[in-house]
Amino acid sequence: METLTPRNQGIDMRRNFIAALALTFCVFAFASPALGQGYQSAVGWSGGVFFNTALNDGATGSGDFVEMTVDPTWVLNVNYDYWLGGGNLGIRANGGFSKPILPWVQGDREIRVYMADLGIILRPIAAGPDRSVLPFIGGGVGFMNWGLGDGLPTDYDPAGVRYGGEQSFDLIASAGAGLDFVTPWEWGEGPLVIRLEGRDYLQFSSPFDPIDSASDDFGLIHNVVVLLGFHTGMGTMPGG
């Protein structure tokens with residue numbers, strides 16, 4: 001019998017989630033047309049998978065080099081959309097939370113990660129009564145916080161990193177794309193909408209520094225989330 005390691009569990013979770021996304025797409029892509037968007041704002045909840053590129057890109061370590069990255073793990077997300085005009089352009093605020101595991105001196109550590117951004121969302125195709133699948137793109141700026149704790153500076157030689165001992169909020173830029181599936185069901189003031197989305201939080205600086213002070217800072221970090229969730233509309237758009 002195969003022993004389930006954290007990495008194997010992460011791979012299985014990612015496969016199951018991708019399968020669920022594909023099934024959801026097939027179901028709603030062929031659903032009967034629903035009413036077009038008549039709501040002006042929406043609150044949504046979603047969950048999915050979080051993974052990233054190395055937090056120590058460009059580092060050199062002794063012995064077996066350790067890449068400071070996380071296995072695919074869960075993430076929770078909330079969002080608020082406010083649509084302008086006819087519903088093609090909107091303003092969106094997002095907040096996310098995850099608890100990945102990172103290797104460290106005393107062994108693997110589970111930490112808290114917070115991410116948030118404010119930006120715009122654009123629908124190239126206008127909402128209408130004959131459309132139940134609405135693609136969108138979006139982007140914004142925000143922050144990311146790796147909850148590594150406060151304390152004395154610590155080195156982790158296998159990864160070539162030093163943690164200064166103080167948590168910080170790092171600047172990020174976000175970009176993503178997705179699909180909204182407008183269902184025939186209503187919840188509250190508007191229709192129930194299923195949202196499938198992929199988003200990249202581009203982090204400009206790492207929470208770690210190189211052990212070698214003469215080395216350059218670590219490279220950019222891509223923090224990717226794949227989300228499946230729902231939202232419900234509130235209020236009425238002008239002319240809606």
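The figures here come from the full heavy-atom set of this structure, side chains too, leaving out hydrogens, waters and symmetry mates.
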Please report the closest heavy-atom contact between [X] and [Y], naming both atoms and the distance.
X: L102; Y: I111; value: CD1-CD1, 3.6 Å
X: W146; Y: P100; value: CZ3-CG, 4.2 Å
X: A59; Y: A159; value: CB-O, 3.4 Å
X: I121; Y: R92; value: CD1-NH1, 4.1 Å

For [X], enumerate each residue passing the side-chain hydrogen bond (donor to acceptor under 3.5 Å, both in side chains) test, keeping only those at least two apart in sequence or located in another chain.
X: S168; result: D170
X: D81; result: N79, R195
X: Y114; result: none
X: D217; result: none

| said: More than 12 heavy atoms of other residues, nucleotides or ligands under 6.0 Å from CG of D150: yes or no? | reply: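 It does: D150 CG has more than 12 such atoms within range.
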
| For the residue pair F230 and W45, does the interplanar ring angle fall in the parallel (under 30°), tilted (30 to 60°) or perpendicular (over 60°) class? |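 Tilted: the ring planes of F230 and W45 meet at 30° to 60°.
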
| Which word best sums up how the rings of W104 and Y156 line up, parallel for under 30°, tilted for 30 to 60°, or perpendicular for over 60°? |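 If you compare the ring of W104 with that of Y156, the planes turn out tilted.
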
| task | Begin with the C-alpha distance, continue with both residues' side-chain angles, and end with the deciding distance and a verdict on ring pair (Phe, Tyr, Trp, His ring centres under 6.0 Å) for F50 and W74. | result | CA-CA 6 Å; F50 167 67; W74 59 265; 9.7 Å; no

| Worked verdict on N77 versus R199 for side-chain contact (heavy atoms from CB on, under 4.5 Å) | CA-CA 11 Å; N77 186 83; R199 196 182 312 146; 3.5 Å; yes

| request: State, with a plain yes or no, whether a side-chain heavy atom of I221 is found less than 4.5 Å away from one of I172. | output: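 The answer is no; the side chains never approach within 4.5 Å.
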
| request: Run the numbers on M144 and V113 for side-chain contact (heavy atoms from CB on, under 4.5 Å), then give the verdict. | output: CA-CA 7 Å; M144 193 154 189; V113 174; 3.6 Å; yes

| Residue that, paired with M68, satisfies side-chain contact (heavy atoms from CB on, under 4.5 Å) out of D57, N56, T53, N52 |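 Filter result, single survivor: N56.
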
| Test side-chain contact (heavy atoms from CB on, under 4.5 Å) applied to V43 and V78, step by step | CA-CA 8 Å; V43 174; V78 295; over 6 Å; no

| field | Shared-cluster residues of L220, by chain and number - hydrophobic side chains joined below 4.5 Å | value |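 Listed partners: L171, L202, F204.
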
| message | Keeping T183 on the side-chain end and F181 on the backbone end, is there a donor-acceptor pair under 3.5 Å? | response |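 No; judged by distance alone, with no hydrogens or angles, the pair does not exist.
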
| task | Could you tell me which residues satisfy ring pair (Phe, Tyr, Trp, His ring centres under 6.0 Å) with F136, sequence neighbours excluded, listed by chain and number? | result |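 F136 satisfies ring pair (Phe, Tyr, Trp, His ring centres under 6.0 Å) with no other residue.
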
| message | Under 4.5 Å between side-chain heavy atoms, counting indirect links through other Ile/Leu/Val/Met/Phe/Trp/Tyr residues: same cluster for I137 and Y201 or not? | response |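 As far as the 4.5 Å side-chain criterion goes, Y201 and I137 are not connected within one cluster.
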
